[in-house]
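What follows is one structure encoded as structure tokens, with my remarks underneath.
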Amino acid sequence: MGKPKLRNRRFNSGVGRNSFRYKVRKRKENKDAHFGLEQLESMSVSAPGTNLVKERNNAFDARKYRYKIIRKKTPSNGSLIVVKRLLPMLKFRRDVRFLRLNQAGTQLKIHVPIPQKPEGYRLVGIDQLSDLLPLVVQHVLKCQNPDFNISETDIKSLASTLSFVCKSCGEKINFSTSFVHPESGLMDINLRTVWGSMTSGAGSATLNEMMATLSVGTMRKDIFGKTESFIGDSWRKLLEEDMKIAGDEERRLAIERKDFHHGIPAITVICDGGWSKRSHRHSYNALGGVAVIFGAATGKLLHIGVRNKYCSICSVAESRKVEPPSHDCYKNWTESSQAMESDIIVEGFLSAETVHGVRYMRLIGDGDSSVYGRIQEQVPVWGRDVKKLECANHVCKCLRSNLEKLVEDKPHLKGKGRLTKNAIMRITRGVRCAIMMRSSGSHGNVSSKNILAHDIRNTVNHVFGDHSKCSDFCKKRDGGKERCEDDDGNKNDDDGGDNDDGGDGLRETEMMWREMKDEEKLEESRFGYEGQGEIDLEILKDVRFLLNRVALKSGSLIGNFTTNLAESWMSIRCKFDGGKTKNRCQRGSWHARCYGGGLRKNFGAAWSPIVWHRSTGITPGNIFTGHYHRRAHDLENSKKY
């Protein structure tokens, strides 16, 4: 028999902070400390440290402040209890003094805050400064030898009260660096700072690093969270109002074009979903998810849903096996992360008729069939009549991915005159150009759908130089000039390279989408290419199989629909949450930043000062407004299309 396995022992380890014994002991010590402070309140006889007793109304009031035991000793002359005052939290240097409470020898060691001379910089409001200057001038005129000592009290993150005490006459002038927001009770400078952090994707850690470097002051995480929750609630309320207005506009436009479903206005919507972390094709386990529904006619957000699988307060309570305290819980999802998108979109469809008085009868989305299936199953009465319209960009993206996977599975299809990267891009561009060409002025008639299906199936022949079956889509067939230049300007059909050159996949994907927007590149796909002899029958068979799957969707591709509106919102939201690199799902930060992205999309690039004024009732100021107006102007001038 082997030696028995010994358990690892922990030496010099105290009782855990979350254990029951530790809590009972701390509760008793806190009770003893409060009893000692009450004794201090009732003392009337002189004792060692009587000078501290005189200050008990503002420094040792047990009814006003909370105390916490930080150390307890039992020396030979009695017991010693060391406590620390918790409220209010003051950024002062702490002085230690002793006080004997009773004849039994019990001592209470109290950390007494002593004001420290301010240093660094402060953010001061111009209006507050203009109120201070007349008081200082009046004092200078009437005082013979004006000289001030400056102290700082009532520190609230980036705001505080500066006290100017004259050394000669003792007159005191108090000066608050910021005013209090009337609705929330928060300091205006703190509210603006958190607002700016949220719109730029920063959190409390980033903010404090910057402010500490500037020597301005820092903000505690709980204050940042409280301010963020207030801003998130105001953003949610304002977004709900704006979505209701956008829904009314969609309803009006549907009535004008006489688009009804059983007497109720019917509209076309664009849907998409995303997650709080990067999880494309891997690790679908994000804690947060969001999905949106846009009206195709107005381009405005009609519905937004946010899901969260985590709450920090509930998680801590569960680990300690206690009931969580009363709090605003943001955990509203317990199923898989992949099911978030379909649940939110179905929720939007179910509330469409109640909230906006319309029905979402045409859905433009990506290739996710689970969303469309759940809509048909769970939306009563009219869910079965909803029509799915495919996003042309996603269809072409999936086609390219399938072609690349085909070459990866069958390496012998590589090589000059076969399925190279250039050939795959030409096939993809040819399909995209055919969709655009057949969608212009077609109005969805049957002949256009059939011609589009033929063009898609014939793309492989067209790319490899066989134009015998080409329609009017092909300019080579009409005697047009042949254009087969590659990216370097060389008049060659292929570069002869294979598909495993180790290129950057992200760069190639970016190049693909850029070429999909380039009308000149798409137009080039209509010209013929130099023939490579007979097409390999295996390539022809495999590629035609993939193209046939795309051709079957020609009925929903004929309108050249895209989800670009929803995709652009996803990129805007990424700016608010820090580019999916930070975990914003512990409390309400994830919800608030999703609502902020919705407001940015609905109100435009100059959204922030408008939303600030409508949310707080406070004038944003010329600097605030001017900055966003310049950004909107620069963004408008930078657009290529």
Side-chain angles (χ1 to χ4, degrees), residues 266 268-273 281 293-294 296 341-342 345 349 360-377 383-406 424-463 469-474 509 512-513 515-517 522 525-526 540-567:
T268 304
V269 294
I270 303 170
C271 305
D272 197 13
R281 295 183 178 178
I293 299 177
F294 281 90
E341 178 182 357
S342 58
I345 293 177
F349 271 72
Y360 304 152
M361 299 310 302
R362 293 169 295 276
L363 166 66
I364 303 175
D366 51 22
D368 189 0
S369 59
S370 62
V371 175
Y372 183 55
R374 288 193 60 180
I375 289 173
Q376 290 191 316
E377 290 178 3
R384 290 285 181 181
D385 299 332
V386 175
K387 182 180 179 182
K388 173 72 178 296
L389 304 176
E390 295 288 343
C391 172
N393 288 338
H394 279 86
V395 168
C396 293
K397 178 184 175 183
C398 292
L399 173 62
R400 185 194 178 197
S401 299
N402 290 331
L403 289 171
E404 291 175 345
K405 189 175 185 302
L406 174 64
I424 291 175
M425 282 303 303
R426 287 168 182 166
I427 293 173
T428 308
R429 284 201 302 263
V431 172
R432 188 68 184 89
C433 185
I435 295 172
M436 292 178 61
M437 178 182 174
R438 300 305 176 190
S439 298
S440 57
S442 64
H443 303 292
N445 54 67
V446 178
S447 60
S448 297
K449 297 176 184 177
N450 295 335
I451 297 174
L452 175 59
H454 169 77
D455 290 340
I456 293 174
R457 292 188 178 98
N458 189 62
T459 304
V460 60
N461 301 79
H462 171 76
V463 168
K469 298 181 180 179
C470 287
S471 64
D472 58 341
F473 167 79
C474 177
T509 303
M512 170 195 166
W513 288 116
E515 291 181 357
M516 287 300 175
K517 294 180 180 179
L522 292 175
S525 64
R526 298 182 60 189
L540 192 63
K541 176 184 177 182
D542 292 340
V543 176
R544 272 185 174 175
F545 174 76
L546 298 177
L547 292 174
N548 187 61
R549 291 166 57 182
V550 178
L552 293 176
K553 301 178 181 179
S554 58
S556 58
L557 289 172
I558 197 64
N560 191 28
F561 305 107
T562 66
T563 58
N564 290 346
L565 199 63
E567 295 289 347

Using atom types as modelled, flag every donor-acceptor pair under 3.5 Å from a side chain in residues 543-553 to any protein atom, sequence neighbours excluded.
residue : atom : partner : partner atom : Å
Arg544  : NH2  : Asn461  : OD1          : 3.2
Asn548  : OD1  : Arg457  : NE           : 2.7
Asn548  : OD1  : Arg457  : NH2          : 3.2

> Of all residues at least two apart in sequence or in a different chain, which pass the side-chain contact (heavy atoms from CB on, under 4.5 Å) check with Asp542?
Replying inline: Leu406, Lys410, Leu413, Glu538

>> Can you tell me how far apart CE (Met436) and CZ (Arg432) are? Round to the nearest 0.5 Å.
In response: 6.0 Å

>> Testing the basics here: between Leu399 and Val431, what is the closest heavy-atom pair and its distance to 0.1 Å?
In response: CD2-CG2, 3.8 Å

>> For a quick test of reading the model, state the closest non-hydrogen atom pair linking Ala566 to Asp272 and the distance between them.
In response: CB-CB, 3.5 Å

> Looking only at heavy atoms, which two atoms of Cys396 and Ile435 are closest? And how far apart?
Replying inline: SG-CD1, 4.5 Å

>> For the CD1 atom of Ile364 and the OG1 atom of Thr563, what is their distance to the nearest 0.5 Å?
In response: 8.5 Å

>> Donor-acceptor pair, distance only, cut-off 3.5 Å: does the side chain of Ser439 make one with the backbone of Ile558?
In response: yes

> Which heavy atom in Asn393 sits nearest to a heavy atom in Asn564, and how many Å separate them?
Replying inline: ND2-OD1, 3.1 Å

> Between Arg438 and Asn560, do the side chains contain an N or O donor and an N or O acceptor separated by less than 3.5 Å?
Replying inline: no

> What distance separates Cys398 SG from Leu403 CG, expressed to the nearest 0.5 Å?
Replying inline: 11.0 Å

>> Ignoring hydrogens, what is the shortest heavy-atom contact between Lys449 and Gly555? Give both atom names and the distance.
In response: CD-CA, 3.9 Å

> Excluding sequence neighbours, so at least two apart, what forms side-chain contact (heavy atoms from CB on, under 4.5 Å) with Leu363?
Replying inline: Val269, Cys271, Phe349, Tyr372, Ile375, Val386, Lys388

>> Rounded to the nearest 0.5 Å, what separates atom CD in Glu390 from atom OG in Ser554?
In response: 11.0 Å

>> When you compare the side chains of Ser342 and Arg374, does any donor N or O come within less than 3.5 Å of an acceptor on the partner?
In response: yes

> Just how far is it from atom CD1 of Ile427 to atom OG1 of Thr459, taken to the nearest 0.5 Å?
Replying inline: 8.0 Å

> NE2 of His394 to OG of Ser401: how many Å apart, nearest 0.5 Å?
Replying inline: 10.5 Å

> Strictly by modelled atom types, are Asp455 and Ser471 linked by a side-chain donor-acceptor pair under 3.5 Å?
Replying inline: yes

>> As a quick check of understanding, evaluate side chain to side chain contact (heavy atoms under 4.5 Å, CB included) for His462 and Lys469, giving each step before the final call.
In response: CA-CA 8 Å; His462 171 76; Lys469 298 181 180 179; over 6 Å; no

>> Tell me the closest heavy-atom pair linking Thr562 and Cys391, and the distance in Å.
In response: CA-SG, 3.7 Å

